[in-house]
J.: 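Take a look at this one; I'll ask things after.
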Amino acid sequence: MNYWLMKSEPITYGIGHLEKEKQCIWDGVRNYQARNFLRMMQVGDLAFFYHSNIQPPGIVGLMKIIESNLDDPSQFDPNSRYYDPSSNPQNPRWQTVRVELVEIFSTMITLEKLKQNFTQDKLMVIKKGNRLSVTPVEQEIAQVILSWRS
DNA sequence: GCCAACGTTGGC
DNA sequence: GCCAACGTTGGC
């Protein structure tokens, strides 16, 4: 079982949205490196939900992967902002996963706290200039983060 | 709102 | 296949 971190802007889709929906397809990732991580995810993996582009940014909850290796439906939807006209339906370019909400943390684990406790090479999300919206999290680091829940 | 970092596109 | 131009991300 592996741990991941997935970013979303709360204005677009925050953990409150997931709380209402209970589960969702994590669509709209249009970066090959992030997609490759999505392809590696397996049912039962856990993922931290990270709010980006907000003050303060940080981890707000935990999700579970409940379906893996799905073709992202938004790539074929001309009305979607994630529509990719050059993706071939016979060989879709973008895959993703379905997630369900496990829990919302009572207090956010801020980016600042992550930076104070981990080094850049141990946790991708705190790397300067890192823009990947899907990244792996090492077991030991995941355990430490989970132990901070109050 | 700014802008550094970085990914993608497209002309050559 | 190079690389300049451009677009996007996301912390601040």
Side-chain angles (χ1 to χ4, degrees), chain A residues 2-21 23-41 45-65 68-99 101-138 140-142 144-150:
Chain A
N2 290 303
Y3 288 94
W4 308 89
L5 183 145
M6 296 158 87
K7 294 182 192 172
S8 184
E9 302 189 10
I11 290 166
T12 310
Y13 191 90
I15 200 156
H17 295 97
L18 183 58
E19 184 180 24
K20 274 195 208 116
E21 295 185 346
Q23 56 169 53
C24 73
I25 290 182
W26 200 266
D27 63 0
V29 174
R30 294 293 179 269
N31 170 285
Y32 288 105
Q33 220 184 325
R35 180 209 62 185
N36 292 343
F37 286 134
L38 285 167
R39 284 179 172 176
M40 291 166 65
M41 290 184 185
D45 284 2
L46 294 172
F48 294 104
F49 195 131
Y50 180 95
H51 277 177
S52 65
N53 240 309
I54 192 83
Q55 199 49 244
I59 294 170
V60 291
L62 189 67
M63 305 179 281
K64 184 192 281 185
I65 313 306
S68 63
N69 202 32
L70 297 168
D71 293 326
D72 183 339
S74 65
Q75 68 194 305
F76 302 123
D77 177 4
N79 297 316
S80 170
R81 63 175 289 214
Y82 305 118
Y83 180 51
D84 182 356
S86 57
S87 180
N88 176 1
Q90 257 56 54
N91 187 21
R93 179 178 294 176
W94 305 110
Q95 283 73 41
T96 188
V97 293
R98 184 184 293 277
V99 297
L101 182 64
V102 174
E103 67 173 276
I104 298 177
F105 295 166
S106 56
T107 54
M108 171 192 262
I109 295 163
T110 61
L111 175 61
E112 190 187 7
K113 180 162 185 175
L114 294 172
K115 282 180 174 169
Q116 283 167 358
N117 285 272
F118 306 113
T119 55
Q120 291 199 15
D121 54 309
K122 277 272 179 188
L123 187 60
M124 288 179 80
V125 75
I126 64 178
K127 259 199 196 119
K128 193 183 168 214
N130 173 65
R131 302 186 324 186
L132 265 192
S133 65
V134 180
T135 52
V137 178
E138 289 181 21
E140 315 87 78
I141 289 179
V144 173
I145 293 171
L146 290 171
S147 77
W148 287 337
R149 288 173 299 174
S150 45

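Note that the structure is predicted; figures quoted are calculated from it, not measured. Note on naming: letters A, B, ... go to the chains in the order of the sequence lines (proteins, then strands), and numbering restarts at 1 for each one. Quick note: numbers below take in every heavy atom, side chains included, and nothing from hydrogens, waters or symmetry partners.
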J.: Specify the separation, in whole Å, of atom CE of A:Met6 and atom P of C:dT9.
T.: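 Roughly 16 Å, once rounded to whole Å.
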J.: In terms of the nearest nucleotide of DNA chain B, which residue is placed more toward the 5' end: A:Arg131 or A:Arg30?
T.: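 The answer here is A:Arg131.
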J.: Could you check which of B:dT8, C:dG10, C:dC12 has an atom nearest any side-chain atom of A:Tyr32?
T.: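 Ranking B:dT8, C:dG10, C:dC12 by closest atom to the A:Tyr32 side chain puts B:dT8 first.
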J.: Regarding A:Ser74 and A:Arg30, do their side chains bring together a donor and an acceptor under 3.5 Å, going by distance alone?
T.: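 Yes, because at least one side-chain N or O of A:Ser74 sits under 3.5 Å from a partner of the opposite role on A:Arg30.
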J.: Has A:Tyr50 got a side-chain N or O lying under 4.0 Å from the OP1 or OP2 atom of C:dT9?
T.: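 No, no such contact exists.
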J.: Calculate the interatomic distance between A:Gln33 atom CD and B:dC6 atom P; express it in whole Å.
T.: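 In whole Å, B:dC6 P and A:Gln33 CD are 11 Å from each other.
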J.: Separation of A:Asn53 atom CG from B:dA5 atom P, in whole Å?
T.: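 Computing the A:Asn53:CG to B:dA5:P distance gives 17 Å.
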J.: Please state how far atom CD1 in A:Ile126 lies from atom P in C:dG10, giving the value in whole angstrom units.
T.: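 Value for this atom pair: 16 Å.
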J.: Does atom CD of A:Glu112 have more than 12 heavy-atom neighbours, drawn from other residues, nucleotides or ligands, at distances under 6.0 Å?
T.: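 Open.
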J.: Let me know the distance between CD1 of A:Ile59 and P of C:dG11, rounded to the nearest Å.
T.: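 Those two atoms, CD1 and P, are 12 Å apart.
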J.: To the nearest Å, how far apart are A:Asn130 CG and B:dC6 P?
T.: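 Taking CG of A:Asn130 and P of B:dC6, I get 8 Å after rounding.
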J.: Roughly, in whole Å, what's the span from CG in A:Asn31 to P in C:dG7?
T.: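 Atom CG in A:Asn31 sits about 18 Å away from atom P in C:dG7.
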J.: A:Asp84 CG to C:dG7 P: how many Å, rounded?
T.: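 The distance from CG of A:Asp84 to P of C:dG7 comes to 18 Å, rounded to the nearest Å.
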J.: Using every non-hydrogen atom in the two residues, find where A:Thr135 and A:Leu132 come nearest and quote the distance to one decimal.
T.: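 Of all heavy-atom pairs spanning A:Thr135 and A:Leu132, the closest is CG2-CB, 3.8 Å.
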J.: To check you understand the geometry: which heavy-atom pair defines the closest contact between A:Met40 and A:Trp4, and what is its length?
T.: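 For A:Met40 and A:Trp4, the tightest heavy-atom pair comes out as CB-CH2, 3.9 Å.
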J.: Looking at B:dA5, I'd like to know if its phosphate oxygens (OP1 or OP2) sit under 4.0 Å from a side-chain N or O belonging to A:Lys128.
T.: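 Indeed, a polar side-chain atom of A:Lys128 lies that close.
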J.: Give a yes or no on this: more than 12 heavy atoms of other residues, nucleotides or ligands lie within 6.0 Å of atom NZ of A:Lys64.
T.: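 Open.
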J.: When you check the phosphate oxygens OP1 and OP2 of C:dT9, does a side-chain N or O of A:Lys7 lie under 4.0 Å from one of them?
T.: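 No, because none of the side-chain N or O atoms of A:Lys7 sits under 4.0 Å from OP1 or OP2 of C:dT9.
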J.: Please state whether the phosphate of C:dC12, meaning OP1 or OP2, lies under 4.0 angstrom from any side-chain nitrogen or oxygen of A:Lys115.
T.: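 Checking C:dC12 against A:Lys115, a side-chain N or O does come within under 4.0 Å of OP1 or OP2.
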